[in-house]
Structures are given as C-alpha cells and as structure tokens.
Amino acid sequence: MTSHRLNPTPLALAAALALASFDASAQQAPAANSSAQGNAEDSKAKSEDGLKLDRIVITGTSTARTKMKQSVSVSTMDGDQIQNSGAQSATELLRAIPGLRAESSGGEGNANMTVRGAPISAGGSRYVQIQEDGLPLILVGDISFATADQFLRADGMTDSVQVVRGGSASTLATNSPAGIVNFLTKTGRTPGGSVGLTTGLDHKQLRADFDYALKLNDQTRLQFGGFMRQGQGTRNTDVTLENGGQFRANLTHEFKSGYVRLNFKSLEDRTPTYLPVPVRLVGNDIQQIAGIDPRNAFFINSKFSNDQVRGRDGTLLNTNPQDGLRVSNTSFGVEAKFDLGQGFSLEQRFRNSEISGRFTGAFPAGSQQPAFATVTPQYFSMHLFNTSLDDMGNTMSETRISKSIDMGAGAKLTAVGGLFWGKQNIAETWYWNRYNVQLTGDGAAIVNNLGQATANPTGPATQTWGGCCVRSIDVTINARAPFAALTYEAGPLAIDASIRRDSQTTSGHQQFDNNPNAAGDWAGWNVAGRDPVNYSASASSYSFGGNYEFSRNMASFARYSKGSSWASPDRTIWDAAVASGRTPYPVNELKQFEAGLK
C-alpha cells in the first residue's frame, strides 16, 4: 500500500518567504486607491465595534442581517481572532466560541462537538453540521472514523467562522438541529497576503501558512493559500507523524448584478491519532501507572511499523500504523449570486469532493493474565483501530430564490424558497488486529505473550472482540430537502418562520468475515451473504422566532424550533431490518425553546 505524502522542502519554504517579501512591497501602494480606503474604513469599524455587532451573518439564516438583528444565538470569529487564538486545529479554534462544546482529545480530527442543551451522543457532531463556505463537508456528522472535522483545516485562507446555536439552523441545513459551524474562506477582497512560520518549543514541528490575493482586472480577483507542515506531533515518539498540507484557491468574477466564484481545494495530510491510555483502577480510584503519563504517553513509534490487514477486495495489505489519521480531500465548487430585478435574487452553491483516507489508532483493551503479572516489563493488550476510508466522497448543491417586498412605512417582507440535495458515499473497511504492547509511555515495543519483541499481532482481527470488527460497508445516501422561510422586518422588530422537509434514500451493502468467531486464518468476505442496504426516511422541521433591537448595542430574541438528524448511518444499519427498510429508520428529533438578551 502506498502512502501519499507531502514534504515541506526548503525550496517550498523559500518560495513562501519570497511571497512574503513580494507582499510587503505590494502593500506599500498609494493609500488613495479604493482598496486602501476600504481597508481604512474596515480598521475604523473594527476599532469601534470590538464585539463585531455589525458583522453580517449568512449562516443558518434566511436573510443576511447583522448579529444584533438576527433572531438566533450567533457568534463569529474574524481573521485576527483566529490568528491570535494560537489554535493548532479547527476544533481547538472552536473552543473559544461560547456555548459550543468541542473536544479535540483525539488529535486533529475525530473530535466530539455539540452546542449547549444538546448531547454529544455517540461522538462526532450528531446534531451540529460543519460547513465550509455554506455547504456541508460531510452529510452526516457522526460517521464512525470519518467525522466532518477530519476533512477540514484552518489555515491562512480562513477568513472567519460563523456559529449559529439552535434556532433556524434546524430548517436551513440538513442534520443540524442544534447548530451550524461555517468556516468561510477569503475571496480576494483585500489585495496582498501574509506568510507565517510555526515551530514547536517542546516537540519537533515546523509549519508554514501563506495566503495571497490580487486583482486580475476591475471585475476579477484571485485568492490562494494554504499550509505545509512536518513534525512528530505533541506526544512522545521517534517518527514523523505530521506530514502534509493544503492548497486552496478561488477565482471571483463580478457582474453588475452579482458574481460567480470558482473554488478549488486539495488537502493531503497525515496527523497522529490520540486515543485513551492505560490507567490503574484501585477500588473506585483511577490511578496513573508508573511511567505512563496520560497527558503524553503514546504507543506508535519506529518499533511498530507494519500492520497487515484485508482490503475491501479481500487482498492482504501492509499498512503503517504511523500514518495515524491520513486524509485526502480534493474539491471543486461553484458559487453564484445574482440580483434578478423586481426584488428577486438567486443564490447557487455547488461542490464535488473526492475524499478518502485511513484511521489508525492504538486503543487499550485490557491486560493479559497471568503473563501481565510475571513478565518484565509488563504489557497490555491493544486493539489497533485500522479502518480504511475507501470512499467518503460527496456532491452537494443548494439553490435559493428570494423575493423582497416593500410593505410601506419602512416595513419589508422577505420570502425565501430553496432546495438542497446531496449524495454521500460511505465506503469503509474495518480490520482490527490485537497486539501486546509494553507498558511504558515512551518507546514501547510490540511483544508476544512471553514479553519477547515481535512484529506480529497476538490475535487476528477475526478474533478481536469476537470478530465484531471485520467489516466492509459500501453505501450511498441521496438526500433532498426543499425549504421555505418568511421574514418580516419593521424598524427594530424582526419576525421569521421557516420549514424544511428532509428525505433520504440509501442503497448499497455491508458484509462481514465468513466465519468471524472461528480460530485460524482469514475466511474471506461473505459475498454471498451480503446484507443489502435499501431504506428511505423523511422528516419535517420548523422554526419560529423574533428579535427586537432596543439599541445598536442591545437586543433580545426568542425562538421555538424542531429539527431532525439522521444519526450514525454506518452503525444503525447493523440492524438488518432497518437496513432493508422493513423497520423505519430511527430519525432523531430535537425540540428547543430559546430566549436571550444580547
């Protein structure tokens, strides 16, 4: 098996530094031009509005209004706040958002995320949708080993983050009853750019971020940027676990009545996967094992360099546990917005993504007796989560048409109608071998039951946890959701209501090992006994809210909403009756009442 890796070479870093030098000279242009005037106005606005109360919010809302005029609980982070946060991942960045719980305990991916009042449930982001430029990265937020944050990286191209907690998120996006997190990309509005170098102080890490924007002519502008990195990660190891980077670019052409934007993204990255470490239970007390600090112990090193697994076609593959969380995401997209006249406007977003990778992590599964007590150094039993993300690609599209009606006396009614549709592939292969690992937090070796060094697993995947996790899934989810919203604005008062009808159909199959509980060699995929997946489900969502702005710096809002979520599609279909459609798919519902003062 070949791993695709990107190495930040000295030539690449030199190019980045050269770009920084070019940027410094480019920003010395005369201040009399329109761009310089715009920057000056932006700086003045920022100094007068430290809380960004006048920031226009477009995420999870039917009309673009400022934070103080929206009848939802919303937070934003701009580029300066992102840069000053010092966050090492997109999930760490979100820890600064009030009311948003983001647990990045697994490394740079596979994080748990939710908002106040909603549970995390089985991990991932079951009730929160993570978006990039208004479209979901992954249709469902809690797919095993393929959560949306894995395929997202915040870098120099990230312009801002908008977070809507509850409210109209349930009706203006799919699988988002608790909220929406939207990462917005720079689009070349401010010519020039930047470059930044980051290095670890107590661990080996080197990262370069860069972005640059330029105007090609009066109507066309180009923005590009990304990052490159290489390092060992933040925990003890002697191998390179961080290796890769991202490149993004967009081209915007403006017309008198709107714009068209082309987007491109290429992410090829590899980062370590951090999972629980062994501890000692004495009575009801959890105690640290001597030599294993849960804060920095890590069991993937140069002594653990190969794990043989079976692929989706049954072939034997050599995989490297050091790959950790390896992701590949290549996306192409189109975004357009036009004023059609007579109060009508049209918005269209489309993106196609080819996504794949692998999730590999060491999970402690208990001690071995009696050898555990007699062999020095002692060891523990570890199951290697080795899951191939064969195909997590998707295609997403959303079309909105709105009509603004002047009601007289300063009042306005805005009607919005739209259609979201998406296709999500979920193709994964699980094959989890069992190993004995020395009970030491640094430089642990793989050993046999006698404590002797070996490269072989103690037990094959066909016996791990009773052979539960020798599995192959290959399904496609097709989603469709028409939605509509009405907003009435009159002076300081804004009232809005929205509805959505989500429908999903899924087709494909899942299969297991022929004889998962038997001792011995691999028996092959049970192709003849494949479980077909063929179900459909639908649900309705609604939301109603209002906002009253007492002054520029104070407003109150209230809202009631009901949203739906298709959770854990890869695990729910373990029930053959659900997978075949004989039993209705269990759609999660979330009802919320919110009120607040901002």
Side-chain angles (χ1 to χ4, degrees), residues 58-64 70-72 127-141 164 166-180 182 333-340 343-352 394-405 413-424 476-488 495-507 535-545 559-567 569 581 584-585 587-592:
I58 61 174
T59 300
T61 60
S62 58
T63 57
Q70 293 286 4
S71 58
V72 293
Y127 303 103
V128 177
Q129 185 187 101
I130 301 178
Q131 296 182 344
E132 195 167 44
D133 296 320
L135 287 175
L137 282 155
I138 295 290
L139 186 65
V140 184
V164 173
S168 54
S170 59
T171 56
L172 295 173
T174 292
N175 289 321
S176 58
I180 300 173
N182 189 13
V334 179
E335 179 181 334
K337 184 175 181 178
F338 287 98
D339 182 353
L340 304 179
F344 284 95
S345 65
L346 170 69
E347 292 183 59
Q348 173 65 55
R349 291 182 174 88
F350 172 87
R351 185 176 64 230
N352 181 77
N394 57 56
T395 302
M396 308 289 183
S397 174
E398 183 179 275
T399 306
R400 291 191 186 192
I401 298 179
S402 62
K403 167 68 174 177
S404 180
I405 304 172
L413 180 68
T414 303
V416 177
L419 175 67
F420 168 83
W421 65 266
K423 184 180 77 170
Q424 176 67 60
T476 299
I477 301 175
N478 287 282
R480 183 180 69 257
F483 58 91
L486 282 174
T487 302
Y488 175 78
I495 300 174
D496 64 271
S498 52
I499 58 173
R500 186 183 189 91
R501 180 66 175 177
D502 279 288
S503 301
Q504 296 188 13
T505 60
T506 301
S507 59
Y535 69 84
S536 59
S538 58
S540 298
S541 303
Y542 57 83
S543 184
F544 177 81
R559 178 173 292 277
Y560 182 79
S561 58
K562 188 202 83 168
S564 305
S565 172
W566 276 257
Y585 192 93
V587 179
N588 293 262
E589 290 188 350
L590 184 64
K591 297 180 180 179
Q592 303 173 82

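Positions are given from 1 along the sequence.
Residues passing the side-chain contact (heavy atoms from CB on, under 4.5 Å) test with S536, sequence neighbours excluded: T505. Taking R500 as the reference, D502 meet the salt bridge (charged side-chain N to carboxylate O under 4.0 Å, His left out) condition, with sequence neighbours excluded. Under the side chain to side chain donor-acceptor pair (under 3.5 Å) criterion, S176 pairs with no residue, sequence neighbours left out. Residues forming a side chain to side chain donor-acceptor pair (under 3.5 Å) with S565 (at least two apart in sequence, or on another chain): none. With sequence neighbours excluded, the residues forming a ring pair (Phe, Tyr, Trp, His ring centres under 6.0 Å) with Y535 are Y585, listed by chain and number. By the side chain to side chain donor-acceptor pair (under 3.5 Å) test, S345 is found to be paired with S402, residues two or more places apart in sequence or in another chain being considered. Take P584 and apply the side-chain contact (heavy atoms from CB on, under 4.5 Å) test, not counting sequence neighbours, and it matches no residue. Looking at residues two or more places apart in sequence or on another chain, you find no side-chain contact (heavy atoms from CB on, under 4.5 Å) involving S507. Residues meeting the side-chain contact (heavy atoms from CB on, under 4.5 Å) test with Y560, sequence neighbours left out: Y542, K591, F593. F344 is linked by a ring pair (Phe, Tyr, Trp, His ring centres under 6.0 Å) to nothing, counting only residues two or more places apart in sequence or in another chain. A search for side chain to side chain donor-acceptor pair (under 3.5 Å) contacts involving S540 returns R501, not counting sequence neighbours. Every residue meeting the salt bridge (charged side-chain N to carboxylate O under 4.0 Å, His left out) condition with E132, not counting sequence neighbours, appears here in chain and number order: R248, K265.
Of all the heavy atoms in T171 and S543, the pair that sits closest is CG2-N, 3.7 Å. Closest of all the heavy-atom pairs between R559 and S168 is CD-N, 3.7 Å. The heavy-atom pair separating P569 from V140 by the smallest distance is CD-CG1, 3.5 Å. In plain terms, the two heavy atoms of M396 and L135 that are nearest each other are O-CD1, 4.0 Å. G134 and N182 make their closest contact through N-OD1, 3.1 Å (heavy atoms, listed as atom of the first residue, atom of the second, distance). Closest non-hydrogen pair, F544 versus A497, comes out as CD1-CB, 3.7 Å.
Taking OG1 of T476 as the start and CG of N394 as the end, the distance is 11.0 Å to the nearest 0.5 Å. To the nearest 0.5 Å, atom CG of residue L137 and atom CZ of residue R351 are 5.5 Å apart. Between Y488 atom OH and I495 atom CD1 the span is 8.0 Å, to the nearest 0.5 Å. The CD atom of Q348 lies 8.5 Å from the CD atom of E398; values are rounded to the nearest 0.5 Å. Atoms CG and CD1, from L172 and I499 in turn, are 11.0 Å apart once rounded to the nearest 0.5 Å. In this structure, CD1 in I180 is found 11.0 Å from CG in N175, a value given to the nearest 0.5 Å.
Here the side chain of N478 pairs no donor or acceptor atom with the backbone of T506 at under 3.5 angstrom. Not one N or O on the side chain of R349 forms a donor-acceptor pair closer than 3.5 Å with the backbone of G333. Panel note: side chain E347, backbone I401; no donor-acceptor pair is recorded below 3.5 Å. No donor-acceptor distance shorter than 3.5 angstrom exists from the side chain of Q592 to the backbone of G167, with no hydrogens or angles considered.
The shortest distance between side-chain heavy atoms of V587 and W566 falls below 4.5 Å. Residues L419 and R480 meet the side-chain proximity criterion, which asks for heavy atoms closer than 4.5 Å. At least one side-chain heavy atom of I477 sits less than 4.5 Å from a side-chain heavy atom of L139.
Surrounding NZ of K562 are more than 12 heavy atoms belonging to other residues, nucleotides or ligands, all under 6.0 Å away.
A donor atom on one side chain and an acceptor atom on the other are not found under 3.5 Å apart for S541 and E589.
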